[in-house]
Amino acid sequence: MNTDLSWVLNDVLEVRGARHAVLVSGDGLLLQRSDDISRDDAETNAAAMSSMQSLSRAVSGFVGSGNGVWKQTLLEYDGGWIFLSAAGQGAYLAVSTAPDVDMEAVSFRMQKTVVALSKAMSVAPRSAHGGGS
């Protein structure tokens, strides 16, 4: 199934200062991208985000509380932020933003986007009986 879910990713970009969004598989494949990022750039960043979530999970014990389950990675740069979070089984959502973005608004919108992605990717169960009665 090749479903275009860019509309769901574009929703997270409604936050002032949000720039790009990509949905990434655990093995680094680009699953979906927002409209404003080229396919080549999205694929390059998808591979990097997959590595970043893997590194984040590997050091989760560093938080010092027994299990330290990874939830979100936040990266800061001179030019802005990258938010990376789980988006279901084996998928991750990454959003890049401007430096002055409302971080709480981005995190909240990302959570809503993950829920919307889950609904959009689910398939309705098939009827047990054929077309007519």
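With rounding to the nearest 0.5 Å, the separation of OG in S107 from NZ in K71 is 12.5 Å. Going from atom CG of L93 over to atom CD of Q111 covers 11.0 Å, rounded to the nearest 0.5 Å. Atom CG in L23 sits 11.0 Å away from atom OG in S34 (nearest 0.5 Å).
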Give every donor-acceptor pair under 3.5 Å between a side-chain atom in residues 73-88 and any protein atom, sequence neighbours left out.
| residue | atom | partner | partner atom | Å |
| --- | --- | --- | --- | --- |
| T73 | OG1 | S56 | OG | 2.6 |
| T73 | OG1 | W70 | NE1 | 2.6 |
| W81 | NE1 | P99 | O | 3.1 |

Could you list the donor-acceptor pairs under 3.5 angstrom formed between side-chain atoms of residues 39-46 and any protein atom two or more places apart in sequence or on another chain?
| residue | atom | partner | partner atom | Å |
| --- | --- | --- | --- | --- |
| D41 | OD2 | S38 | OG | 3.4 |
| T44 | OG1 | D40 | O | 3.1 |
| N45 | ND2 | D41 | O | 2.8 |

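Applying the salt bridge (charged side-chain N to carboxylate O under 4.0 Å, His left out) definition to pairs two or more places apart or across chains, those involving residues 103-116 are D11-R109. Here side-chain hydrogen bond (donor to acceptor under 3.5 Å, both in side chains) pairs that include residues 12-21, with residues two or more places apart or in two chains, are H20-D36.
Residues satisfying the side-chain contact (heavy atoms from CB on, under 4.5 Å) test with S54, not counting sequence neighbours, are none. Applying the side-chain hydrogen bond (donor to acceptor under 3.5 Å, both in side chains) test to S25 and every residue at least two apart in sequence or in another chain returns D27.
Annotation for V95 and A21: closest pair CG2-CB, 4.1 Å, computed over non-hydrogen atoms.
Both V12 and M103 belong to a common hydrophobic cluster when Ile, Leu, Val, Met, Phe, Trp and Tyr are linked at side-chain heavy-atom distances under 4.5 angstrom.
D35 places no side-chain N or O within donor-acceptor distance of the main-chain N or O of N10, the cut-off being under 3.5 Å.
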